[in-house]
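A short write-up of the structure that comes next.
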Amino acid sequence: MTTRTPPTTSTLAEQVRLLSGQDNWRTEPIGDVRALVLADGPHGVRRPSAGQLGIGEAVPATCFPTAASLAATWDPDLLEEVGAALGREARARDVDVLLGPGLNLKRHPAGGRNFEYFSEDPLLSGRLAAALVRGVQSQGVGACLKHFAVNNQESNRLIVDVVVDERTLRELYLSGFEIAVRESAPWTVMCAYNRVNGVYCSDSRRLLTDVLREEWGFDGVVMSDWGATNDRANALAAGMDLEMPGSGKAFDDEVVAAVRRGRIDAADVERSVGRLADLVRRLDEGPAEVAVADDPDAHHALARRVAAAGTVLLTNDGLLPLTGGGRLAVVGRFAAEPRYQGAGSSQVTPTRVEAALPALRERLDATTDVTYAAGYDEAGDTSDTLVAEAVAAATAADVVVVFAGLPGAYESEGFDRDHLGLPDGHTRVVEAVLDANPRTVVVLSNGGPVELPWADRPAALVEGYLAGQAGGAAIVDVLVGDAEPGGRLAESFPVTVSDLPADANFPGGPKQVVYRERWYVGYRFHETAGVPARFPFGHGGSYTTFAWNDLTVDGQGQHVRVEIDVTNTGERAGSEVVQVYVRDVEASVPRPDRELRGFTKVHLAPGETARVGIDLGPRAFAFYDADAGDWRVEAGAFEVLVGASATDVRARATIDVDGEPASTSDVGSGSPWVADDDTFAALLGRPVPRPDPVLPLHRNSSVEDLLHTPLGRRVQPLLAGTATRQMLGSLHQPDAATRRMFETMVRTSPLRAMVLFGRGRPSFRSLDRVLQVLNLRGARDGRR
Ligand code: BGC
């Protein structure tokens, strides 16, 4: 879309006013152009009552599987279906823009919000996000890619400066967004809270205009994450159109003054107003014929089908699928009270929730005697009594299914996980049941990788993820074989977190995190370093078997077609994911041992064969040459690895690819997986910056930083206490995760957020004065 509707309001002040929301969820009307309604996302529509942040108290909507579970389907077609259902539900709730999908890369498995993101791999993330966007927008609802960019952790997310070299930035952290923008043309993008190499995302002309719009062709509206606007005038010049939520016009005077003084151009303001007006037009021109009534039963059924398709069979010695009959013990509270989504802004009020225990009873009622023991409590703790009950049930049973995983308080927006372990209570119950009865299946409910030291003991191990409101029924479908376990891991499960190079700098300090592991994230690390994951990227079993035959790799220059026959050699229908990895055999720069460059999911009836074809273009062979500022393919031999996971290669071929002569520079080679200062500085092209000093205080100092001045020490508890109470007070019975999220957010918020969330009270002027006093007193006391 290139036309820009001219702003219908004339004065500068009026135009500036339009560029921040009227409240938490609505934009301002522009002349006779209506206001827009925005709502979270991503895996369900969260439409709170007006003016509320409303976590946990929204209008009911289908809670689809979370992104972690969606990603494990490796199925863009299915995600497009989910997107369309989300779009229908959004329309039925008068929502214009759904705030999702989120596609930040899973740099570290303990990222608190990993359940809301797809993968550790940018190609998989980007393709899946694009599919979801296409689905949402097919219903005339805008999607919103978030959080742009490099928002890979929750700790200190509101102010942390991510120091990342250009090559890693391009190859890992921007690629997914690039693919999604190019393949699905989202109508909006949300900029992240954090800084990237010193610049707040909201202020980054480079990210929001040079890269997003000019390189990738994005033509929609960029909005801020909620409260992420740093300097509104800079943000406008950088290309951030809409400030959300409304901040009571707290920035308006500064913006008007910036235009008057020539710091920014009046055209910057007009351009953003025009983009907003264009978005409304785009929405109003959308398909009128879409049925606005969503169908809760059909959407629940879709959520159930997708949840099964995202269920990963990690191991199985043949006990699954269950045949029924005899005595079945079900152990673990999650069977009765399922975990199906994470905490934070994505938390949907579901239309209904199906737990596994009643679904199992119903399904096996006629043939099987089903008993139940809770095993652990809500917090994940157990007791001698609970363990004894679980062991008694397991001992008396022919087969046991244990439900374990992460309690709600472990996974949330706003904070990262403290470790990758299961709660001790879960581990104790699992191990006691395994001791009592080896014919045990363990089903996991969690939004990201966990350490599983006992993983080779159960007869079968199933990763169920946080699979949405129908997840309990879907797990039963898989356990009894009504559905196949269609999932493959979209992330590596490490043996232990300390194996990972990113762990040395996760989450970093309060002001800065340095991505010294560079591109050695996930399987890129495991495969290059020869440190095996417990379960590798792409892994997942099936109830049937497949044969892979007749690989051909043909093409010319930098365009190659990979084809292979896949045959279902078993007795049941099933799906297989063909994954194509590429290795640069003679690279002049250090490169990951292999990188995912294409994939296809095929569904095959028993005996059926499909010839699967995957096309690779120049980017499949390229690395990002930071000096040249462009992608670069070096001529020579490349290996094409076709497999069922990053490690399970079924066929390979070596080909010659045209390209440029190999360069002689090998910046970053010969170093360990965590780059030292010299290596990292060479990649960055400058010395590794020091974290910002805490003093003097400024608008972006955190509430916690106040503790560094004597007066601040007196003010801080009052301020933090009041803000936390206000936030929690607006919620209906906040759970443990939500409490921790708000407490952490308040503590680590930049002081400017008080102005924004206070809708201009205090004003920036008052804040600046207070800061002056605090700094003055701090300096004076320091001299004494
Ligand atoms: C989250 C966004 C969300 C927004 C509105 C922010 O804190 O980071 O993902 O869309 O709140 O709820």
Side-chain angles (χ1 to χ4, degrees), residues 20-21 23-27 36-59 61 66-67 86 90 95-104 111-118 129 132 136 141-160 177 186 188-194 200-202 221-229 240 242-247 341-349 411-416 447 723 727 730-731 737-738 740-746 748-750 753 756-757:
S20 75
D23 57 27
N24 276 331
W25 307 110
R26 282 177 307 171
T27 63
L36 297 178
V37 175
L38 319 175
D40 285 307
H43 55 262
V45 180
R46 185 171 70 88
R47 173 94 213 251
S49 45
Q52 298 293 305
L53 273 175
I55 287 172
E57 49 190 38
V59 177
T66 59
L86 287 167
V95 169
D96 296 297
V97 176
L98 187 72
L99 303 174
L103 67 153
N104 295 94
R113 224 175 165 179
N114 280 8
F115 67 87
E116 262 192 79
Y117 300 139
F118 295 112
L132 208 86
V136 171
V141 170
C144 179
L145 293 187
K146 66 187 191 183
H147 310 86
F148 188 61
V150 211
N151 177 184
N152 312 105
Q153 64 184 50
E154 293 304 287
S155 306
N156 311 304
R157 67 173 166 156
L158 305 171
I159 48 177
V160 76
F177 283 95
T188 74
V189 164
M190 184 190 288
C191 79
Y193 286 113
N194 50 280
Y200 278 96
C201 290
S202 66
V221 165
V222 175
M223 69 182 83
S224 68
D225 198 344
W226 266 229
T229 308
M240 198 209 75
L242 174 65
E243 182 205 9
M244 285 306 292
S247 59
Q341 63 177 334
S345 61
S346 68
Q347 206 168 315
V348 177
T349 302
E411 289 176 292
S412 173
E413 178 178 340
F415 57 89
D416 295 310
M727 283 187 141
S730 70
L731 305 175
T738 309
R740 185 170 166 195
M741 167 169 116
F742 281 119
E743 278 155 17
T744 315
M745 267 181 82
V746 166
T748 57
S749 267
L756 304 185
F757 286 113

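Counting convention: from 1, in listed order, for ligands and their atoms alike.
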Checking [X] side chain against [Y] main chain: does a donor-acceptor pair fall under 3.5 Å?
{"X": "R157", "Y": "Y193", "result": "no"}
{"X": "D96", "Y": "V37", "result": "yes"}
{"X": "E154", "Y": "G112", "result": "no"}
{"X": "T66", "Y": "E116", "result": "no"}
{"X": "T349", "Y": "A58", "result": "yes"}
{"X": "K146", "Y": "D225", "result": "no"}
{"X": "N104", "Y": "H147", "result": "yes"}
{"X": "S224", "Y": "T229", "result": "no"}

List ligand 1 atoms under 4.0 Å from [X], heavy atoms only on the residue side.
{"X": "R46", "value": "12 (O)"}
{"X": "K146", "value": "2 (C), 3 (C), 9 (O), 10 (O)"}
{"X": "H147", "value": "2 (C), 8 (O), 9 (O)"}
{"X": "R157", "value": "7 (O), 8 (O)"}
{"X": "Y193", "value": "6 (C), 7 (O), 8 (O)"}
{"X": "M190", "value": "10 (O)"}
{"X": "E413", "value": "1 (C), 6 (C), 7 (O), 8 (O)"}

| task | Check each heavy atom of M745 against ligand 1 and say whether those closer than 4.0 Å belong to the side chain, the backbone, both or neither. | result |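 For M745, there is no contact with ligand 1 at all, from either part.
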Next item on the list: Report yes if some N/O of D225 lies less than 3.5 Å from some N/O of ligand 1; otherwise report no.
Entry: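 Right, the criterion is met.
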Do ligand 1 and W25 have nitrogen or oxygen atoms that lie under 3.5 Å from each other?
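Checking ligand 1 against W25, no N or O pair falls under 3.5 Å apart.
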If you measure from each heavy atom of E154 to ligand 1, is any distance below 4.0 Å?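 Per 4.0 Å heavy-atom rule, E154 does not contact ligand 1.
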- Hey, is E116 one of the residues with a heavy atom under 4.0 angstrom from ligand 1?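 For ligand 1, residue contact (heavy atoms, under 4.0 Å) with E116 is absent.
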